[in-house]
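Chain letters run A, B, ... following the sequence lines, proteins first, then strands; residues in each count from 1.
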Amino acid sequence: MLLKHLIAKLAIQAVESAQENGSLPAGPLPEIEVERPQHSDHGDFAISLPLRLTRSVGINPMVIAQLLVPLIPKNDAVSEVRVASPGFINFVLNPSWLQKELNSIIQESDSFGNIKRDVNERIQLEFASVNPTGPLHVGHARTAVLGSVLSNLLAAAGFEVSTEYYINDAGTQMDNFYKSLYARYMQELGHQTDMPESGYIGSYITDLAKEVITKNQNRFVEMPEEKAVAQIGALGLKKMLSIIRKDLESVNVNFDVWFSETDELHKKGEPDATLNELKKAGYIVNREGATWFESTKLGEERDNVLIRSTGEPTYFALDIAYHSNKFLTRGFDRVINIWGADHQGHVSRMKAAVSAIGVDPERLQIIISQLVALKHGDEVVRASKRTGEMITMRDLVDEVGADACRFFFLSRTPESQMEFDMELAKKESADNPVYYVQYAHARIAGIMNLANQNSLDYTSGDVGLLTHSAEIALIKKMLALPELIDHIGDSMEAHLLPKYATELAAAFHWFYQQCRVVSEIPDEFALTMARLKLVECCRIVFARCLSLMGMSAPEKM
RNA sequence: GCCCCUGUAGCUCAGCGGAUAGAGCACUGGCCUCCGAAGCCAGUUGCGGCGGUUCGAGUCCGCCCAGGGGUACCA
């Protein structure tokens, strides 16, 4: 049981006792909020229950607190419970209980902090699904990092998670990309061919065209244009996907499933099937030569076109089919999508569509990540693949490194807007707090090496000797990890993980400053053993955090 | 116009309606005969504005100001 749940349970029991003996009137309990006080003077946990209770029972909060404290059941984990003005009850954890908990960290090792759940919930997490019409830019890096860490955290929090990249390999943007590539191919070979209107003019298209030439020479030149576009397009798509995949791997982002729109939806007839379902459910109407989804029936501001008057399905229609596939074909209990803020207008109609196919919209969660604005000096530019005006994710990773990059993005909440320029990124990479955390891990590795060299076997170290305030503070911080993972599993607030890791590192560095681990003094042999055990626990927790964040845990720096 | 997000220290950002608003960077001054000084300690500066709800508001509500995004038979 998590400590905060234990505290809540103890508090509830106390209120029930008070209601039984008549010192508090009977009545429903308010929600017990267990807090982590900011100041150590206020204990390790606190509840403001008396303050919340005061109005409904008409008793002064300090009086409520004082009558509740003696009724709180004794528990090994808690050594002290006290009342604090204006009506808090503070709980202090028992040092000897804390010390013993170190053994559970060693036992659980790589799985320390994992949460077990009674019901198995299958979650699909889809993110960073960029059209394969160009490389990923820094904005995508943000969602990619967030998604990969969230998947790690959800798995640790006891959910069954499948990560997915949706390959948007059909539609007008792809045609546009294919035609752009064809035009560049022809131009490179000296044939005057116009770029399509609003084509992709980034230099990477020219690079792709040159690569096509290197491998295929001029064999597409004499071909009918339509056929040549299709063949060159297929080569370009394949290459683009491989670039995207490698770019993602370079920041340590991997997917369980790469889902092709063409292969998994179109070839299996799912868009038509979904349209029929919507028709059966009574949400389809034909108007002005197009087929509309009557989302106004579900409270939306306007209806949306599904099939254009040209006969082409819209992006929205295909996304409904895709979500139908997620929920109905594959049966995920919950689907989480991470989208950029430019898709924000798509959120509520997507939820409406999901409910139209008979799925509770609560099962679809959409995280909107604010866009990353790019700066060239003082000038803000809009990232666009079409104009080629962008800093690619690969540029960023090559420049600042995957670990610093991940920590940089992960530390910010998705809704924070960022202005991004390479100078800042370089500066941040040199001074990135990620090294503060990794340094703690490397320091520990150094200590453990020393212990190994001296053949010190600390397995039977007596944890009862760890009484220094820096040691106790460090243990408390380590034992907070399960609670954090549980919290993030519910709230998706992945940015709390780097924050926690930084706090843990601070606690470790302070301990290191205060307490000599491997002592030369013969009298301190037992203490050395105990501290080595503590340090080993610490290594486990740091390794866990770094691994959850998808970063390396260096032995040396 | 309407909808969503944001405004906290010089800069980049945390802050579940709670008790003295925190980190990192930057700046200043201390700390290595001792397991890694990429570390530790100390110091300076702040909730965009005006009302409201509450025992208690950076946090919730309303209005205003400022920035980003959306408002297509684009994706």
(message) Checking base pairs now: Watson-Crick or wobble, both atom distances under 3.5 Å. What partners B/rG17?
(response) none
(message) One pair to check against side chain to side chain contact (heavy atoms under 4.5 Å, CB included): A/Lys477 and A/Phe508. What are the steps and the verdict?
(response) CA-CA 9 Å; A/Lys477 193 47 88 175; A/Phe508 173 76; over 6 Å; no
(message) Return the pairing partner of B/rU45 with a 3.5 Å limit on both distances, Watson-Crick or G-U wobble; otherwise return none.
(response) none
(message) Taking pairing as Watson-Crick or G-U wobble with both contacts under 3.5 Å, can you name the mate of B/rU71, or confirm there isn't one?
(response) B/rG1
(message) For the C1' atoms, the ones on B/rG58 and on B/rU6, what distance do you get once it is rounded to whole angstrom?
(response) 14 Å
(request) For B/rA14, take OP1 and OP2 only and decide whether either is under 4.0 Å from a side-chain N or O of A/Ser416. (result) yes
(message) Any carboxylate oxygen within less than 4.0 angstrom of a Lys/Arg side-chain nitrogen, looking at A/Glu164 and A/Lys326?
(response) no
(request) Ignoring backbone atoms, test whether A/Tyr512 places a side-chain nitrogen or oxygen under 4.0 Å from the OP1 or OP2 oxygen of B/rA37. (result) yes
(message) If you only use heavy atoms from C-beta on, which nucleotide in B/rG17, B/rG15, B/rA75 is closest to the side chain of A/Arg52?
(response) B/rG17
(message) Check this for me: does the side-chain of A/Ser309 come within 3.5 Å of the base of B/rC73 through a donor and an acceptor?
(response) yes
(request) For the side chain of A/Arg55, starting at C-beta, report the closest nucleotide among B/rU54, B/rA19, B/rC25. (result) B/rU54
(request) Determine the interplanar angle of the A/Tyr166 and A/Tyr322 rings, folded into 0 to 90°, and report it as parallel if under 30°, tilted if 30 to 60°, perpendicular if over 60°. (result) parallel
(request) Could you tell me whether the phosphate oxygens of B/rG24, OP1 or OP2, come under 4.0 Å of any side-chain nitrogen or oxygen in A/Tyr439? (result) no
(message) With rounding to the closest Å, how many angstrom separate the P atoms on B/rG67 and B/rC25?
(response) 32 Å
(request) Send over the distance from A/Leu496 CG to B/rA23 P, rounded to a whole Å. (result) 16 Å
(message) Taking only the P atom of each, what is the distance from B/rA38 to B/rU44 in whole angstrom?
(response) 27 Å
(request) For A/Asp431 and B/rA23, give me the distance from atom CG to atom P, rounded to whole Å. (result) 19 Å
(message) What is the separation between atom CD on A/Gln513 and atom P on B/rC35, rounded to the nearest whole Å?
(response) 12 Å
(request) Indicate whether OP1 or OP2 belonging to B/rC16 is found under 4.0 Å from a side-chain N or O atom of A/Arg36. (result) no
(request) Please work out if A/Asn304 contacts a base, only the sugar-phosphate, or nothing of the nucleic acid, heavy-atom cut-off 4.0 Å. (result) nothing
(message) Between the base of B/rA19 and the ring of A/Phe88 - centre-to-centre under 5.5 Å, planes within under 30° - is that a stack?
(response) yes
(request) From the options B/rG17, B/rU12, B/rC41, select the nucleotide whose nearest atom is closest to the side chain of A/Glu428. (result) B/rU12
(message) Does B/rA75 have OP1 or OP2 under 4.0 Å away from a side-chain N or O of A/Thr172?
(response) yes
(message) It should be established whether A/His509 places a side-chain nitrogen or oxygen under 4.0 Å from OP1 or OP2 of nucleotide B/rG36.
(response) no
(request) Take the protein atom CG of A/Leu51 and the nucleotide atom P of B/rA57, then report the distance between them rounded to whole Å. (result) 13 Å
(message) Taking syn as a glycosidic torsion within 90° of 0 and anything else as anti, which one is B/rC50?
(response) anti
(request) Rounded to whole angstrom, note down the C1' distance from B/rU45 over to B/rU8. (result) 13 Å
(request) With C1' as the reference atom in both, quote the distance from B/rA72 to B/rC61 in angstrom, rounded to an integer. (result) 34 Å
(message) Whether the side chain of A/Asn90 and the base of B/rA19 hold a donor-acceptor pair under 3.5 Å is what I'd like checked.
(response) yes
(request) Identify the nucleotide, in any strand shown, that forms a Watson-Crick or G-U wobble pair with B/rA38, with both distances under 3.5 Å; if there is none, say none. (result) none
(message) Whole angstroms only, please: what is the NE2-P distance between A/His39 and B/rG18?
(response) 14 Å
(message) Taking pairing as Watson-Crick or G-U wobble with both contacts under 3.5 Å, can you name the mate of B/rA57, or confirm there isn't one?
(response) none
(message) Suppose we call a contact any N or O donor and acceptor under 3.5 Å apart; does that hold for the side chain of A/Gln344 and the base of B/rG69?
(response) yes
(request) Tell me the partner of B/rC32, counting only Watson-Crick (N1-N3 plus N6-O4 or O6-N4) or G-U wobble (N1-O2 and O6-N3) with both under 3.5 Å; none if nothing fits. (result) none
(message) Could you check whether A/Glu300 and A/Ser348, counting side-chain N and O atoms only, form a donor-acceptor pair closer than 3.5 Å?
(response) yes
(request) Would you confirm whether the ring centroid of A/Phe511 sits within less than 6.0 angstrom of the ring centroid of A/His468? (result) no
(request) Rounded to the nearest angstrom, tell me the gap between atom CZ in A/Phe407 and atom C1' in B/rC13. (result) 12 Å
(request) Evaluate whether the aromatic ring of A/His42 and the six-membered ring of the B/rA19 base sit under 5.5 Å apart, centre to centre, with an inclination under 30°. (result) yes
(message) What's the gap between B/rC64 and B/rC2 when it is taken at their P atoms, as a whole Å value?
(response) 9 Å
(message) I want to check something: taking the side chain as every heavy atom from C-beta on, are A/Lys179 and A/Met195 in contact at a cut-off of under 4.5 Å?
(response) no
(request) Examine the side chains of A/His343 and A/Asn337 and answer whether a donor and an acceptor come within less than 3.5 Å of each other. (result) no
(message) Classify A/Lys556 by what it touches in the nucleic acid, base, sugar-phosphate, or nothing, heavy-atom distance under 4.0 Å.
(response) base
(message) When the P atoms of B/rA21 and B/rU59 are compared, how many Å lie between them, rounded to an integer?
(response) 15 Å
(message) What contact category does A/Glu555 fall into here, base, sugar-phosphate, or nothing, at under 4.0 angstrom with non-hydrogen atoms?
(response) base
(request) Output yes when at least one side-chain N/O atom of A/Arg443 is less than 4.0 Å from OP1 or OP2 of B/rA37, else no. (result) yes
(message) In this structure, how many angstroms lie between the C1' atom of B/rA37 and the OH atom of A/Tyr436, rounded?
(response) 13 Å
(request) Check whether any side-chain N or O of A/Thr413 sits under 4.0 Å from OP1 or OP2 of B/rA14, and answer yes or no. (result) yes
(request) Tell me what A/Ala440 touches on the nucleic acid: a base, only sugar-phosphate, or nothing, going by heavy atoms under 4.0 Å. (result) nothing
(request) Could you give the distance separating B/rG43 and B/rC5 at their P atoms, to the nearest angstrom? (result) 39 Å
(request) Let me know the distance between CG of A/Leu497 and P of B/rA14, rounded to the nearest Å. (result) 15 Å
(request) Test A/Gln173 against A/Asn131 for side chain to side chain donor-acceptor pair (under 3.5 Å), laying out the working first. (result) CA-CA 8 Å; A/Gln173 290 306 313; A/Asn131 266 3; 5.3 Å; no
(request) Start with the C-alpha gap between A/Asp403 and A/Tyr435, add the side-chain angles, then the distance that decides, and say whether side chain to side chain contact (heavy atoms under 4.5 Å, CB included) holds. (result) CA-CA 9 Å; A/Asp403 286 346; A/Tyr435 301 119; 5.8 Å; no
